[in-house]
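In what follows, a single structure is set out as structure tokens and then discussed.
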Amino acid sequence: MSLSPELTTLLEKSRWPATLTAEQMARLRHDIYEKSFPSGAIIYPRGTPADHWFGLIEGMIKVDTVAQDGRSTTFAGVPSGSWFGEGAVLKNEPRPYSIVAIRDSKLAFVPKQTFEWLLQQSTSFSRFVIDQLNWRCGYYVALVENRRLREASARVAFCLSELFNPQLYPSTEQTLPLSQEEIGRLSGLSRQNTNKALRELADMKLLSVEYGSVVILDLPRLRKFAHHDE
DNA sequence: ACATTAACGATGA
DNA sequence: TCATCGTTAATGT
């Protein structure tokens, strides 16, 4: 089984594959496969079986739910280079959220059987998955605090800076391909307030707003602004 | 008050 | 041409 150069690069720059034995790596390379999705495509609708773990080779996806009236809430944005979906695979339940491409995206699929085999075979892989879950839990705790206590610009700063969490989202890319609409969904604000908050952050030279994306200029200060007053 | 939705024209890709 | 942006007006809590 020959993998694409992009998928090979993703495996090389991710932390966990380096800890696998040759045998484990061989099975992973045999079982993993990839698929592309256009922007706006629903990759997995809510309620479908959670039978894969994912790596995002390129693009940007979000995890959200859509209410009966059509309105949607985004729970997480996932930039390229990230691995996600372990929570749903570990539970024997249908996927509780839908997975949607918000840019043209290419995903790697690790079948559930392979994922669970790796968990049993490799303690370092298990540890990686535990760390993922722990960081996600920490993110949501901090998110609740942030949303209850801070003003709009700090909420936007928090959601953007968390996309650079080194465990969950190891990408070093400074440009986030997110529209202001999607940033609003991610931080729980209207697009108008998101627009205002983004321009405040741009005035502080923490980021710059581009067409359809934001460029992070000063990640340490953006993080600081998300957590404290300045 | 304050935030949200609706709606508009302008503009970038 | 279509998505996105920046703004204003209307609406809701």
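Note that this is a predicted model, so its numbers are computed, not measured.
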Within residues 122-146 of chain A or reaching into it, pairs that qualify as salt bridge (charged side-chain N to carboxylate O under 4.0 Å, His left out) - sequence neighbours excluded: A:Glu86-A:Arg136, A:Arg127-A:Asp131
If the plane angle is over 60° it's perpendicular, under 30° parallel, otherwise tilted; pick one for A:Trp16 and A:Trp53. tilted
Using a cut-off of 4.0 Å between protein heavy atoms and nucleotide atoms, how would you tag nucleotides 4-13 of chain B 5' to 3' with B, S and -? SBBB----BS
Would you list the pairs meeting ring pair (Phe, Tyr, Trp, His ring centres under 6.0 Å) in which at least one residue belongs to residues 147-205 of chain A, sequence neighbours left out? A:Tyr139-A:Phe158, A:Phe158-A:His227
Over the length of the helix from B:dA1-C:dT13 to B:dA13-C:dT1, how much do the five-pair end axes diverge, rounded to 10 degrees? 20°
Between A:Arg199 and A:Arg103, name the one whose nearest nucleotide on DNA chain C is closer to the 5' end. A:Arg103
A:Gln167: what forms a side chain to side chain donor-acceptor pair (under 3.5 Å) with it, not counting sequence neighbours? A:Arg15, A:Gln132
Look at all strands and tell whether A:Glu210 reaches a base, only sugar-phosphate, or nothing, counting heavy atoms closer than 4.0 Å. sugar-phosphate
Output every pair passing salt bridge (charged side-chain N to carboxylate O under 4.0 Å, His left out) with a member in residues 94-103 of chain A, not counting sequence neighbours, ordered by first then second residue. none
Which residues pass the side-chain contact (heavy atoms from CB on, under 4.5 Å) test with A:Ser126, sequence neighbours left out? A:Leu119
Taking ring-ring contact (aromatic ring centres under 6.0 Å, His included) as the definition, give me every residue that meets it alongside A:Tyr97, ordered by chain and number, with sequence neighbours left out. A:Phe75
5'-most to 3'-most nt of DNA chain C touching chain A (<4.0 Å, heavy-atom partner on protein side) reads C:dA3 to C:dT8
Quick one: ring-ring contact (aromatic ring centres under 6.0 Å, His included) partners of A:Phe54, sequence neighbours excluded? A:Tyr44, A:Phe84, A:Phe109
Taking side-chain contact (heavy atoms from CB on, under 4.5 Å) as the test, write out the residues that go with A:Glu200, two or more places apart. A:Ser153, A:Lys196
With sequence neighbours excluded, residues passing salt bridge (Lys or Arg N to Asp or Glu O under 4.0 Å) with A:Lys112: none
